[in-house]
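Read the structure below first, then the notes.
Throughout, residue positions are numbered sequentially from 1 according to the sequence presented. Just so it is clear, the values below take in all heavy atoms, side chains as well, and ignore hydrogens, waters and symmetry mates.
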Amino acid sequence: MRTLIILTLLAVLVMAATCYESHESMESHEYLNPFINRRRANDFIQADSRLEAISRERIRERVKGPQERQRETCENYYPCEQYAFRHGYAAAYKHYFGRRRTK
């Protein structure tokens, strides 16, 4: 019984010695709050001027011309796309979708 108590105390001492959390791990401010706000993140990493030009170009892509819309409509319909390979997208769109009439 006496050896059991000694072994238990020894195990507690070993656990306390190995699991001790030092102040070195708490010195970093990231310990309490690992995330930073957007403003600090943007200050840290400067945006590339090319990225701004790409984003402006993406805005222009949102507004598509009628020919581009017709081409995309034709590309989504397989027979129209096959017809377009032979006769062109304008003729294919007119052939498959041009005769639509609304009442």
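- For the residue pair L4 and T8, the shortest heavy atom distance occurs at O-OG1, 2.7 Å.
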From CA spacing to verdict: side-chain contact (heavy atoms from CB on, under 4.5 Å), C80, F97: CA-CA 9 Å; C80 182; F97 303 106; 3.9 Å; yes

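- The aromatic rings of Y96 and Y83 lie perpendicular to each other, with more than 60° between the two planes, well past the 30° mark.
- To the nearest 0.5 Å, atoms CZ (R71) and CD (Q67) are separated by 10.5 Å.
- Using a 4.5 Å heavy-atom cutoff, the side chains of E75 and Y89 are in contact.
- To the nearest 0.5 angstrom, L10 atom CG is 12.0 Å from T3 atom OG1.
- Between the side chains of Y77 and E81, no donor-acceptor pair is found at a separation under 3.5 Å.
- To the nearest 0.5 Å, atoms CG (L7) and CZ (R2) are separated by 12.5 Å.
- Atom SG of C74 and atom NE2 of H95 lie 10.0 Å apart (nearest 0.5 Å).
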